[in-house]
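Notes follow once the structure below has been shown.
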2 protein chains.
Amino acid sequence: MAVTIVHVAEQAGVSPSTVSRVISNDSRISQKTSRKVRKVMDELGYHPNMLAKSLVTNTTHNIGIVLPRPADELFQNQFFSEIIRGMVAKAASIHYDILMTTGSNAEEELKAVERLVRGRNVDGIILLASHKDDVNISFLREEKFPFVLVGRSEDFSDITSVDNDNIAASQAITRHLISLGHRRIAFVSGPFDLTVSKDRLDGFSKALLEAGIPFDRDYVYESAFTPESAAQITKHILSLATRPTAIITTDDVMAFSIIRTLWNNGLRVPEECSVVGFNNTSLAQMCLPQISSVDIGTYQMGQSAVQALVQRIKGEGFEQARIIIPHQLIWRDSVQVPAE
Amino acid sequence: MAVTIVHVAEQAGVSPSTVSRVISNDSRISQKTSRKVRKVMDELGYHPNMLAKSLVTNTTHNIGIVLPRPADELFQNQFFSEIIRGMVAKAASIHYDILMTTGSNAEEELKAVERLVRGRNVDGIILLASHKDDVNISFLREEKFPFVLVGRSEDFSDITSVDNDNIAASQAITRHLISLGHRRIAFVSGPFDLTVSKDRLDGFSKALLEAGIPFDRDYVYESAFTPESAAQITKHILSLATRPTAIITTDDVMAFSIIRTLWNNGLRVPEECSVVGFNNTSLAQMCLPQISSVDIGTYQMGQSAVQALVQRIKGEGFEQARIIIPHQLIWRDSVQVPAE
DNA sequence: ATTATTTGTGCAAAGGTTTGCATAAACTAA
DNA sequence: TTAGTTTATGCAAACCTTTGCACAAATAAT
């Protein structure tokens with residue numbers, strides 16, 4: 001069996017409590033004792049058992065993150081790997097680890113959360129991709145368990161969350177396109193049940209409104225975050241009597257697929273149709289033409305999320321309800337003034 | 001304080017051991033008692049404390065995964081998110097969670113592994129991106145701690161690992177290019193210290209050898225897994241007196257960057273230069289021209305790694321040392337017969 | 001009716017820490 | 001010296017389970 005704190009204690013001729021205090025740098029321990037104990041710890045190759053420690057302190061230094069349900073699909077999106085990258089980096093720097101779990105459906109997902117929370121496996125939880133009536137949120141609130149949401153909750157306004165101002169971002173894009181002279185602008189949204197989709201659509205329609213352009217439902221589409229889905233919608237757009245001169249999407253992957261589909265059908269981008277993406281993934285600047293997009297500070301969102309969560313866990317600092325990561329419009333080759 | 005097993009026991013008029021046995025479906029418990037206890041558990045909203053359980057069973061149901069050191073850089077690569085996706089999916093399906101950690105340098109990385117292992121935070125570990133003299137491997141071997149390696153170890157042959165036959169894959173690509181008529185083929189490799197890079201280069205040179213084409217060191221380059229690095233190398237290639245007619249790379253991102261750089265300098269792909277990638281990320285089929293690549297079953301590797309690890313943990317099944325995931329060459333638009 | 005067997009449950013130890021409180025030792029002040 | 005402080009350490013309880021072993025009750029066999 002592994003060497004425990006009592007072995008060290010015996011060997012050093014002190015009590016386990018003293019060893020424990022040495023480990024935690026308790027000020028009451030004398031220099032001499034501390035040195036002596038540390039020496040023994042080294043000799044014996046002692047390493048504290050975190051489980052035992054966790055059990056008594058009720059603290060694990062683990063942050064749970066629940067991958068969105070159709071993890072399979074969403075993870076393909078660079079957005080997710082990017083945000084997780086930010087989380088892991090930040091967590092590691094403050095000595096936390098990231099515990100990832102997922103469920104293949106809503107029920108399993110909640111079960112997983114329950115398991116983590118009530119099994120005391122994590123100190124806090126980060127929720128990704130919020131939608132309306134998220135049962136996880138209700139559960140966590142009820143349990144008064146520390147958590148932060150990436151995105152915005154439609155149901156509760158007092159939840160610590162990390163988000164962009166998606167409405168403003170989307171509005172700004174649309175404004176810019178309008179200022180270029182575009183009047184017929186299509187909007188290819190991600191799944192409507194996602195709050196982020198709603199917000200972006202919201203910003204879009206606001207910009208139209210303020211410019212006095214009628215909001216045309218036929219120019220609004222719902223797509224999955226997949227190339228296939230976007231391609232299909234694009235084909236439909238191509239079949240329209242009066243085509244839009246610009247298309248705004250909710251993610252670079254969709255933007256890319258749209259561009260490709262247009263291209264394959266003989267429509268040049270941006271000459272015959274402008275396209276703008278979202279999230280500013282590396283894809284946006286890699287492809288040809290480079291895609292105009294919105295940098296939403298994905299990596300930073302990940303970092304901020306764990307930072308905010310840890311603050312909540314420790315009960316320190318202000319419990320700022322909403323942290324807004326600034327966005328930035330990146331204009332690239334996929335946009336220009338309309339042809340006609 | 002949360003409700004514990006003894007509360008349940010008291011309420012149900014049995015002993016804690018009985019409750020524990022009910023939970024684990026011990027066959028010795030009578031139907032009647034079981035029902036009674038379960039009812040009380042429900043009423044009280046009891047949920048076992050996993051930490052306590054872990055402490056006594058010495059089992060956590062967590063799998064540790066150590067992100068490669070420059071996690072920042074590598075994670076950008078779709079390969080990583082894809083393989084992790086496979087791991088999480090598989091792990092969730094067999095009721096394991098994934099605990100991710102990382103370190104910003106080799107020393108920190110080892111420290112993180114030590115912490116996980118000796119702190120008994122995980123039941124096993126998956127190592128990514130193996131290179132020569134990996135201290136993590138030595139440590140884990142010494143500790144006799146269950147782990148599997150994604151990739152191949154140059155130092156030890158008896159390590160359970162999940163890998164492709166990179167030599168064969170690379171060789172097959174090269175052969176095919178040769179059969180198309182290419183004679184001057186450049187090889188843009190990932191970092192040389194990675195085993196996977198060595199293997200792919202190895203397959204490349206083997207194919208040249210068997211075709212009687214001299215191996216030209218000036219046609220072999222070392223690149224980081226970044227577009228910038230690949231672009232720089234491409235510029236150098238463009239400056240060569242006799243340019244290659246085809247370029248093989250070790251990853252799609254690099255392939256993409258190469259194509260773009262060639263294009264920007266007036267060289268058409270595949271007409272004037274063929275390019276082939278590796279890993280068959282979604283990028284490969286999304287971009288224009290679509291990139292010929294090698295599907296190495298990344299997602300499946302993630303799944304297999306978890307499966308193999310859990311088998312090792314449970315000590316069941318054969319401890320097959322090396323699991324080889326089959327690869328598949330995907331020929332797309334970026335390759336054709338050489339111009340001259 | 002007695003013994004042997006099966007079935008269901010409880011006792012108590014073990015797992016490795018942390019920490020409030022008590023105490024011993026050393027020092028300071030009178 | 002005596003009392004009062006400070007400093008350094010130890011004791012033992014608590015955290016919540018699991019599990020080997022013992023035991024009692026019920027059933028079966030003689």
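Chain naming here is simple, since letters A, B, ... match the order of the sequence lines and numbering starts at 1 in each.
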Counting distance alone, no hydrogens or angles: does the base of [N] have a donor or acceptor under 3.5 Å from a partner atom on the side chain of [X]?
| X | N | value |
| --- | --- | --- |
| S17(A) | dC11(D) | yes |
| R120(B) | dG15(C) | no |
| R21(A) | dG20(C) | yes |

Nearest-angstrom distance from the residue atom [atom1] of [X] to [atom2] of [N]:
| X | N | atom1 | atom2 | result |
| --- | --- | --- | --- | --- |
| K32(A) | dA25(C) | NZ | C1' | 12 Å |
| N49(A) | dA14(C) | CG | P | 17 Å |
| I23(B) | dT18(D) | CD1 | C1' | 10 Å |
| L55(A) | dG15(C) | CG | C1' | 9 Å |
| M41(B) | dT17(D) | CE | P | 11 Å |
| H61(B) | dT17(D) | NE2 | C1' | 15 Å |
| N58(A) | dA14(D) | CG | P | 16 Å |
| Y46(A) | dG16(C) | OH | P | 10 Å |

(request) Answer yes or no: is there an ion pair linking D155(B) with K132(B), defined by an N-O contact shorter than 4.0 Å? (result)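 K132(B) and D155(B): salt-bridged.
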(request) May I ask you to say whether D123(B) pairs ionically with K314(B), meaning some side-chain N is under 4.0 Å from a carboxylate O? (result)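 Answer for the salt bridge query: no.
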(request) Using only side-chain N and O atoms of S15(B), determine if any of them is under 4.0 Å from OP1 or OP2 of dT9(C). (result)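 So the side-chain polar atoms of S15(B) never come under 4.0 Å of the phosphate oxygens OP1 or OP2 of dT9(C).
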(message) It should be established whether S30(B) places a side-chain nitrogen or oxygen under 4.0 Å from OP1 or OP2 of nucleotide dT9(C).
(response)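 Affirmative; the distance criterion is met.
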(message) I need the minimum non-hydrogen distance between T102(A) and A112(A), along with the two atoms involved.
(response)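 So the two residues come closest at O-CB, 4.3 Å.
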(message) Reading DNA chain D from 5' onward, which residue's closest nucleotide shows up sooner: R28(B) or T57(B)?
(response)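 Taking each residue's closest nucleotide, the earlier one in sequence belongs to T57(B).
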(request) Tell me which of S24(B) and Q31(A) sits closer to the 5' end of DNA chain D, going by the nucleotide each one is nearest to. (result)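 It is Q31(A) whose nearest nucleotide is closer to the 5' end.
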(message) Checking side-chain polar atoms at under 3.5 Å, does R115(A) have a donor or acceptor matched by the opposite partner on N121(A)?
(response)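 R115(A) vs N121(A): no donor-acceptor pair found between side chains.
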Could you check which of [options] has an atom nearest any side-chain atom of [X]?
| X | options | result |
| --- | --- | --- |
| S20(B) | dG16(C), dT18(D), dT17(D) | dT18(D) |
| T33(A) | dA8(D), dG16(C), dG10(D) | dA8(D) |
| V56(B) | dT17(D), dT17(C), dA8(D) | dT17(D) |
| I5(A) | dA8(D), dT18(C), dT17(D) | dT18(C) |

(request) Identify whether NZ of Lys or CZ of Arg in R312(B) sits under 6.0 Å from the centre of the six-membered ring of F147(B) and within 45° of that ring's axis. (result)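 So R312(B) doesn't make the cation-pi contact.
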(request) Inspect the surroundings of NZ in K111(B) and state if more than 12 heavy atoms from other residues, nucleotides or ligands are less than 6.0 Å away. (result)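 Not buried by this count: 12 neighbours or fewer within 6.0 Å.
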(request) Could you say whether K53(A) or I29(B) is positioned toward the 5' end of DNA chain C, judged by the nucleotide with the nearest heavy atom to each? (result)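 Its nearest nucleotide lies further toward 5', so the answer is I29(B).
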(request) Using a 4.0 Å heavy-atom cut-off across all strands, classify G13(A) as base, sugar-phosphate, or nothing. (result)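 Here G13(A) touches the backbone only, sparing every base.
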